[in-house]
Novice: 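Below are the structure tokens for one structure; questions will follow.
A quick note: this is a predicted structure, and the numbers were derived from the prediction, not measured.
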Amino acid sequence: MRKILSLLLLSVLLLQAEETLHVSEFEVSLFSKFSKNPVQLETSMIFEGRDVEVYDFKIIDALNVVIGSFYAENLLTSKGKEGLKQAIINYTSDKYGIDIDFVYIQKLNIKKESSTYDIIQAMKKEGCCSK
């Protein structure tokens, strides 16, 4: 009887076990409040929850959609980063029924995306392409 109860308890614990999904070097372009040019965001995140490894493609989709709803400047603050985490959790739950318990931001870098004009101007400063 104890063996059966132990096996039953173990199986319930395994069903409740969380999975971990690592998303590394994720890149996306964002709008800036102050610049006419888009900026590039590079991030690495860890997601903990149920079925996050199985539905990794849905989480990547949610990450694209949710990050695109933020301005780059908002993600520089701790309040913006916490808002991003909560928005990802809420969106994946509402849209896909995926339970994400925790989102950990390992890296979040924002850099200005250079336009072709900026590149040409930089090359001209170095003496290339001048007439």
Novice: Verify side-chain contact (heavy atoms from CB on, under 4.5 Å) between Phe47 and Ile88, making sure each step is shown before the conclusion.
Specialist: CA-CA 10 Å; Phe47 300 90; Ile88 292 169; 3.7 Å; yes

Novice: Could you tell me if the side chain of Ile67 sits less than 4.5 Å from the side chain of Phe26, heavy atoms only?
Specialist: yes

Novice: Identify the heavy atoms of Ala62 and Tyr96 that sit nearest to each other, and give their distance.
Specialist: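 In terms of heavy atoms, the two residues are closest at CB-CE1, 4.4 Å.
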
Novice: Of all the heavy-atom pairs spanning Leu75 and Gly80, show the shortest one and how long it is.
Specialist: CD2-O, 3.9 Å

Novice: Are Ile46 and Ile60 connected into the same hydrophobic cluster when the rule is that any two of I, L, V, M, F, W, Y join if their side-chain heavy atoms are below 4.5 Å apart?
Specialist: no

Novice: Could you tell me which residues satisfy side-chain hydrogen bond (donor to acceptor under 3.5 Å, both in side chains) with Asp56, sequence neighbours excluded, listed by chain and number?
Specialist: none

Novice: Between Leu84 and Met45, is any pair of side-chain heavy atoms under 4.5 Å apart?
Specialist: yes

Novice: Donor-acceptor pair, Ser93 side chain versus Asn90 backbone, under 3.5 Å?
Specialist: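 Not a single qualifying donor-acceptor pair exists.
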
Novice: Quick one: closest heavy-atom pair of Gly68 and Leu30, and the distance?
Specialist: CA-CD2, 4.0 Å

Novice: Not counting sequence neighbours, which residues clear salt bridge (charged side-chain N to carboxylate O under 4.0 Å, His left out) with Glu82? List them please.
Specialist: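 Here the qualifying residues are Lys85.
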
Novice: Determine whether a donor-acceptor pair (N or O, by modelled atom type, separation under 3.5 Å) exists between the side chain of Glu53 and the backbone of Glu19.
Specialist: no

Novice: Quick one: list whatever passes side-chain hydrogen bond (donor to acceptor under 3.5 Å, both in side chains) with Lys79, sequence neighbours left out.
Specialist: none

Novice: Does atom CZ of Phe31 have more than 12 heavy-atom neighbours from other groups under 6.0 Å away?
Specialist: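 Count not over threshold, so no.
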
Novice: Once side-chain hydrogen bond (donor to acceptor under 3.5 Å, both in side chains) is applied, do any residues pair with Glu73, and if so which ones, sequence neighbours excluded?
Specialist: Ser32

Novice: Who are the side-chain hydrogen bond (donor to acceptor under 3.5 Å, both in side chains) partners of Tyr71, not counting sequence neighbours?
Specialist: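 For Tyr71 there are no side-chain hydrogen bond (donor to acceptor under 3.5 Å, both in side chains) partners, ignoring immediate neighbours.
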
Novice: For a quick test of reading the model, state the closest non-hydrogen atom pair linking Ser24 to Ser44 and the distance between them.
Specialist: CA-OG, 3.6 Å

Novice: Could you pull out all donor-acceptor pairs under 3.5 Å where a side-chain atom in residues 97-110 meets a protein atom, sequence neighbours excluded?
Specialist:
unit_1 : atom_1 : unit_2 : atom_2 : d
Asp101 : OD1    : Arg50  : NH2    : 3.3
Asp101 : OD2    : Arg50  : NH1    : 3.1
Lys107 : NZ     : Glu25  : OE1    : 2.9
Lys107 : NZ     : Glu25  : OE2    : 3.0

Novice: Can you confirm whether more than 12 heavy atoms, excluding those of Tyr55, are under 6.0 Å from its OH atom?
Specialist: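 Result for OH/Tyr55: open.
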
